[in-house]
Structures are given as structure tokens and as C-alpha cells.
Amino acid sequence: MKQTEKKTGKPVVYGTPYDFEGRLPLSQAIPLGLQHVLAMFVSNLTPILVILGVCGGADFDGIRVSLLQNAMIIAGVVTLIQMFTIGPIGGRVPIIMGTSSGFIGVFTSVAKVMGGGFLAYGAIMGAAIIGGLFETVLGAFLKPLRKFFPSVVTGSVVLAIGLSLISVGVNSFGGGNKANDFGSVENLLVALIVMIVILVLKHWTKGITSYASILIGIIAGYLVCAVLPLFLSTTGVTAEGVEYTKAWVLDYGKVASAGWIAIPRFLPVKPVFDMRAILPVLIMFIVTAVETVGDISACVEGGMGREATDRELSGGVMCDGIGSTLAALFGVLPNTSFSQNVGLVAMTKIVNRFALSCGALFLILCGLCPKLSALISIMPQSVLGGAAVIMFSSIVTSGISLIAKDPLSPRNVTIVSIALGVGYGLGSNSAVLAELPNWLNLIFGGSGIVPTAFVAILLNIVLPKDKEQAK
């Protein structure tokens, strides 16, 4: 529904949050974009911290802040490319881009092979530069490969993405499984309040309070965490007698100590091109391309109610590739589509490019202003978990919708059931694969997404077509 508003004597026509094209009033666009940033902020930075730790954490103290800063800026820039496109690069879809956690396994292996330190991190960056260019080429030729990705295949992959993320959301719901007070009443209470606020605003209100229910729910979570210390102790004691700070406590010191302005550094780590790193990383970029096809399919299906076009899928995968190469030049791990935000789109149906662009610009601003990023980084996991469980579950329903696009013939039922049973089942229980070669463990272990995609694509090729499909 369109509405016209007069401003400075000139009529301004605004669209709705449910239109991809069209402008929104800043009073709507900013909070709608900000809730996307809140949904992915911590996950955008975590992979870098993990890999820096594997490579030798103390060695990187001098550039750690710069790398985190670059991660935010790159995520914002690549998101804008994805939505507005540069030539064939970008799918013009409401996808938020960010640092991928899917590469953690293979990068950990590379770091060990290369002996850690700056040499290992440089080899990771060199492999990411090459791998990003490789994925860009793969995306350019995606159209003739589209026959391998019918809705039953992409739907199975999307379903696996949603299922794998639900456990992440539940971990956050309890305060983060690394928290000493994981699953405490306080953490569960905070997450439950966030969830209730989101549900009430989403389904019992209209306008901006409904559109921005995720953001308001997270703000409510912040407020609850700010008030709880008035009634409860902020510390606890482990079974060993060690005192710890509870996971829901807001660390205001990080905000106070953060600076106001910081300039990004280009090539903070010199790239090293080593085949021991490049070969396994190239394989992971193929996997990433399949996952991105699933993310875009879920986003377009869940947010726009239709299947993604060849142009959207091809441009989206190319943006993944170029974004990853650009990220490596700034010392950041590969940038890919963020499944967390796909869940947000699927839940809210808000696909407006102008609103999401505000979120991307806010990411860039956070990279330039550490104090802003610190304010978001202190978000307790339980606050994020209250929203994450709802968002990630929405991805599951998008996968089901994609699968149901075609009749549930015996062939399609077999593809979905075997892909999820064997693919997702084995991938999410990586101990079963312990006796396989290490390179297979790197690709298929730790996540059900990759083996699900592999099995679904293989069965789609091997199984005989139904009579209707063969015509």
C-alpha cells in the first residue's frame, strides 16, 4: 500500500516494508535495518576470534581490533553490493552478508598444517582470495547448473540450514553453552521475555511496532538485563569454587573504553599463496555456493512468496565470491549470505531494500566507530536467543514450503528423507565420520548442511524422473 507525504513542498511517495523497491521514512527504515544488524552482529565477529585463537591469539593483539573493525565494514559494503549490484555481481535480493562460520573447520586444519602464526593466517587469506575468485566464476556459470537445483533439492538444503541453526538459537536461549550459568533461570527468563515481547508485538500490533518487533524485543531484553542486578547477584561460584560473572550481565566497561573513531587498515596481514591451503579451501567455496543458493531460495520464498530466478542466484553467488576476495584483502574471513538474517526475513516478510541498506550503513558506521560496535557486542546471548529461536524456526518452514512446490511424489519423498536422514544425520553427528580421511571430515563433519546438499543433488541426478517430469 502506497502513501504520499509532502515534504519541502514536494510530494514523496513511500512504499511498504514488504516491497523490495521503494523508499521508507527513516523513522521506519532505521529500526528495521538495525534489527538485522543485531541478529548477526556477534556471529559476524566470532569466526575471526576463533581462527585468531587457533593461529596463536597473543601474536595478533596488535591488529585484533582492526580485523574486527574491518569485518563490520566489509559486511556492510558487500551487503550493499548484494542488494544494488555492480554489473552482474549481486542478486538484488534482501540478503545480509557477513563473515562465514562455515570455513572454521577447514581454516583450523590449514592453521595446523602451516604451523600457526602470521604465516598460517596469511595462507588463509591467500586461499580466500583465490577461492573467492573461483566462486565468482562458478556463479557466472550457475544458470546451466540450475537443473541440479530443483525446489526439492534447494528445499532440503534450506530445511537443513534451519535445523542446524535451531540448536544454535537454543544454546543462545540458555545464555550460551560456554557460560558458567548456562541454562540458569535468569537466562531462560530473559530469553522468554524477549520472545513474548516479539510475539505480542508481531501479532497484536500494527505499523512500526509490528515491523520492528525483533528490535523492540531485543531492546526489552537489554532493559531486563539492566534491571536484574537491582534484585539478583551478578556473580556466581562454580563447583570448583571459582567466582564468575553471570552471562546476562551487561559489561558497560567495554563501551566506556572503546574509542569513537577508527580508520580501517588495508592488507593488515600479507597474503601467502600455498597449495596446502588453497586446495581444501576451494572445495569449501563449492559448498558455500550450494549453501548460498539455499539461502537465496529461502529468502525469496519466505519473504517474497516465489522461487528465486537464475539471475538472482547467479548474481548472489558471484557476490559471495567477490565479497570473500574483498574481505581477504582487509584481513577478514570469507563473506557469505547470513542464514540468521534469512530467518528474520522469512519471519517478518520485510524485504525492503532501503531498510536493509540502513542496516548495512549502520554496520559500516560501527566499523568506523568502535563505541557503537561495543554497545552491540555486549548483548547477552540470552537476549539474542529469545529472537533467534523464532527466526531460525522460520527457515525450517521456508524449506518445507520449497519442498511442497512440487508434488510429493515417491521420488521427491525419497530425496528429502534420505538427504535429511543420511546427510543431515551424519553431518550433525561428526563422531560417526571419525575413521574417514581428514579431508572428508573437514567437508562433511560438524554441519548437516553440506552432506544434505551433496546427497540431495546426487539423488536428484541418479533417481529416475517421474513420468510428469520426464515429459
Enquirer: Salt bridge between E21 and R353, side-chain N to carboxylate O under 4.0 Å?
Expert: yes
Enquirer: Can you tell me how far the CZ atom of R92 sits from the OG1 atom of T309, to the nearest 0.5 Å?
Expert: 10.5 Å
Enquirer: Let's go through T79 and L356 carefully: what are the C-alpha distance in whole Å and the side-chain angles of both, what is the deciding distance for side chain to side chain contact (heavy atoms under 4.5 Å, CB included) to 0.1 Å, and is it a yes or a no?
Expert: CA-CA 9 Å; T79 297; L356 270 64; 5.7 Å; no
Enquirer: Could you report the tightest heavy-atom contact between I350 and Y18, atom names first, then the distance?
Expert: CG1-CE2, 4.0 Å
Enquirer: In Å, rounded to the nearest 0.5 Å, how long is the span from SG of C55 to CD1 of I48?
Expert: 12.0 Å
Enquirer: Can you check whether R265's main-chain N or O pairs, donor with acceptor, with N70's side chain at less than 3.5 Å?
Expert: yes
Enquirer: Over all heavy atoms of both residues, which pair between F134 and I286 is shortest? Give the atoms and the distance, please.
Expert: CE2-CG1, 3.5 Å
Enquirer: Using a 6.0 Å cut-off, check whether atom NZ of K270 has over 12 heavy atoms from anything other than its own residue.
Expert: no
Enquirer: With a 4.5 Å cut-off on side-chain heavy atoms, are V93 and Q82 touching?
Expert: yes
Enquirer: For the pair T99 (side chain) and L333 (backbone), establish whether a donor and an acceptor sit closer than 3.5 Å, ignoring hydrogens and angles.
Expert: no
Enquirer: Taking the side chain from Q28 and the backbone from P25, do they hold a donor-acceptor pair closer than 3.5 Å?
Expert: no
Enquirer: I need the L365 CG to C358 SG distance, nearest 0.5 Å.
Expert: 11.5 Å
Enquirer: Under a 3.5 Å distance rule, please check whether S337 uses its side chain to pair with a backbone N or O of M97 as donor and acceptor.
Expert: no
Enquirer: Quick one, D310 with L142, criterion side chain to side chain contact (heavy atoms under 4.5 Å, CB included). Give me CA distance, side-chain angles, the key distance, then yes/no.
Expert: CA-CA 8 Å; D310 291 334; L142 194 64; over 6 Å; no
Enquirer: Working to the nearest 0.5 angstrom, can you tell me the gap between Q69 CD and F330 CZ?
Expert: 10.5 Å
Enquirer: Would you say the side-chain atoms of N335 pair up with the backbone N or O of A327, donor to acceptor, closer than 3.5 Å?
Expert: no
Enquirer: Say whether, by atom type as modelled, one donor and one acceptor occur between the side chain of S417 and the main chain of V413 under 3.5 angstrom.
Expert: yes
Enquirer: Please lay out, stage by stage, how V351 and D19 fare under the test side chain to side chain contact (heavy atoms under 4.5 Å, CB included).
Expert: CA-CA 6 Å; V351 296; D19 299 325; over 6 Å; no
Enquirer: Just checking I86: does its CD1 atom have more than 12 heavy atoms from other residues, nucleotides or ligands closer to it than 6.0 angstrom?
Expert: no
Enquirer: Between L368 and P264, is there a side-chain heavy-atom distance shorter than 4.5 Å?
Expert: yes
Enquirer: So, for G323 and V78, which heavy atoms are closest and what is the spacing to 0.1 Å?
Expert: CA-CG2, 3.7 Å
Enquirer: How long is the straight-line distance from CG of N460 back to CD1 of I457, given to the nearest 0.5 Å?
Expert: 8.5 Å
Enquirer: Is the backbone of G331 close enough, under 3.5 Å, to the side chain of Y121 for a donor and an acceptor to pair up by distance?
Expert: yes
Enquirer: Got L267 and L329 here, is their nearest side-chain heavy-atom distance under 4.5 Å?
Expert: yes
Enquirer: Between T288 and P334, is any pair of side-chain heavy atoms under 4.5 Å apart?
Expert: no
Enquirer: Could you report the tightest heavy-atom contact between V332 and L67, atom names first, then the distance?
Expert: CG2-O, 3.9 Å
Enquirer: Strictly by ring-ring contact (aromatic ring centres under 6.0 Å, His included), give each pair with a member in residues 277-311 just once, sequence neighbours left out.
Expert: F103-F285
Enquirer: Judged by atom type as modelled, is there a donor-acceptor pair below 3.5 Å linking the side chain of E301 to the main-chain atoms of A308?
Expert: no
Enquirer: For F173, give me all partners under ring-ring contact (aromatic ring centres under 6.0 Å, His included), at least two apart in sequence or on another chain.
Expert: none
Enquirer: Do N352 and R23 get their side chains close enough for a donor-acceptor pair, meaning under 3.5 Å?
Expert: no
Enquirer: Should L24 and P17 count as side-chain neighbours, where that means a heavy-atom distance under 4.5 Å?
Expert: yes
Enquirer: Counting only heavy atoms not in F141, do more than 12 sit closer than 6.0 Å to its CZ atom?
Expert: no
Enquirer: Is a donor on one side and an acceptor on the other found under 3.5 Å between the side chain of T325 and the backbone of L133?
Expert: yes
Enquirer: Would you name the heavy atoms of L26 and P31 that are closest together and state the gap between them?
Expert: O-CD, 3.9 Å
Enquirer: Who passes salt bridge (Lys or Arg N to Asp or Glu O under 4.0 Å) against E135, sequence neighbours left out?
Expert: none
Enquirer: Rounded at 0.5 Å granularity, tell me how far CD1 in I95 sits from OG1 in T292.
Expert: 8.0 Å
Enquirer: Could you walk me through whether I390 and L199 pass the side chain to side chain contact (heavy atoms under 4.5 Å, CB included) check?
Expert: CA-CA 9 Å; I390 301 175; L199 291 175; 4.1 Å; yes
Enquirer: For the side chain of K349 and the backbone of G302, is there at least one donor-acceptor N/O pair under 3.5 Å apart?
Expert: yes
Enquirer: Under a 4.5 Å cut-off applied to non-hydrogen side-chain atoms, are L80 and I364 in contact?
Expert: yes
Enquirer: Looking at every non-hydrogen atom in both residues, tell me the closest pair between M304 and P94 and how far apart they are.
Expert: CE-CD, 3.5 Å
